[in-house]
Amino acid sequence: MTQLKYKRILLKLSGEALSGEKGYGIDPAVLEAYSLEIKQVVQMGVQVAIVIGGGNIFRGIQGERSGMDRVQGDYMGMLATVINAMAIQSSLEQHGLYTRVMSAIKMEQVCEPYVRRRAVRHLEKGRIVIFGAGTGNPYFTTDTTASLRAIEVEADVVLKGTRVDGVYTADPFKDKTATRYTTISFQDVYEKKLNVMDLTAFTLCKENNLPIIVFDMNKSGNLIRLVEGDDIGTLITG
Ligand code: UDP
């Protein structure tokens with residue numbers, strides 16, 4: 001049996017990634033591709049928790065720009081993450097996987113409320129736990145949710161799936177000379193002002209010594225390689 005480097009992971013997926021080429025809503029092809037990647041690691045015995053963003057549907061800041069109350073917009077953003085969580089749940093279930101959506105805002109007809117001990121129990125039983133509705137509080141992000149939930153359920157690592165394959169010295173889309181870090185310390189990320197996560201999310205990981213790996217989720221096989229300890233993406237650690 002393959003040696004696993006990470007046995008319990010928290011996978012952070014952005015809402016935007018779910019929209020694929022369309023740029024809005026949910027692209028079934030992306031859901032399908034992600035589900036297949038996740039299934040492979042579950043079958044290896046990895047315990048998987050997922051936090052999904054809502055940017056493909058609504059962001060609080062977007063509402064504020066058009067004159068909406070910020071808090072109202074943030075709650076709308078949190079509800080958007082539940083829609084995404086349900087979409088990914090449905091896709092994972094079609095692949096025969098056992099899942100639970102746990103929401104930070106109670107909506108018992110559609111999912112369980114978030115209770116830490118129950119989340120841990122689900123993970124122990126091999127169920128994929130999808131955390132919806134962010135932290136349940138306005139002014140936070142789903143990156144912060146990912147850090148917080150990962151710490152709470154004692155995940156080994158936060159895997160931040162993005163469109164780029166790691167953290168670069170500069171924006172690789174704008175600067176052709178930018179190079180990728182294979183590993184970097186929390187302190188260096190601060191000092192170099194690199195954009196890994198928002199500062200609240202990042203600080204939570206730093207203070208609790210929880211490693212983050214930024215990697216390209218759209219490349220098939222990457223998730224397996226990561227849990228086996230392959231050196232892909234950028235590892236941020238203490
Ligand atoms: N949000 C919030 N509190 C949270 C998590 C999310 O208010 O704890 C809201 C916020 O408005 C945010 C939106 O939900 O803009 C969607 O989440 P996010 O922008 O993090 O999604 P992503 O960028 O990952 O798609």
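Computed over heavy atoms, backbone and side chain alike; hydrogens, waters and symmetry mates excluded. Just so you know, ligand 1 is whichever comes first in the structure, and atom 1 is the first atom listed for that ligand.
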K.L.:
Write down, by chain and number, every protein residue that brings a non-hydrogen atom to less than 4.0 Å from an atom of ligand 1.
P.N.:
K12, S14, G15, E16, G53, G54, G55, F58, R59, G60, D74, G77, M78, G134, T135, N137, P138, Y139, F140, T141, T142, T145
K.L.:
Verify, without hydrogens or angle tests, whether K39 (side chain) and H95 (backbone) share a donor-acceptor contact under 3.5 angstrom.
P.N.:
yes
K.L.:
Report yes or no: do Y168 and T234 form a side-chain donor-acceptor pair below 3.5 Å?
P.N.:
no
K.L.:
Taking the six-membered ring of F131 (Phe, Tyr or Trp), confirm whether the NZ or CZ of R100 is under 6.0 Å from its centre and within 45° of its axis.
P.N.:
no
K.L.:
Taking only residues two or more places apart in sequence or in another chain, which ones pass salt bridge (charged side-chain N to carboxylate O under 4.0 Å, His left out) with R8?
P.N.:
none
K.L.:
Please identify each residue that fulfils ring pair (Phe, Tyr, Trp, His ring centres under 6.0 Å) with Y181, with sequence neighbours left out.
P.N.:
none
K.L.:
Among all residues two or more places apart in sequence or in another chain, which pass the ring pair (Phe, Tyr, Trp, His ring centres under 6.0 Å) test with Y98?
P.N.:
none
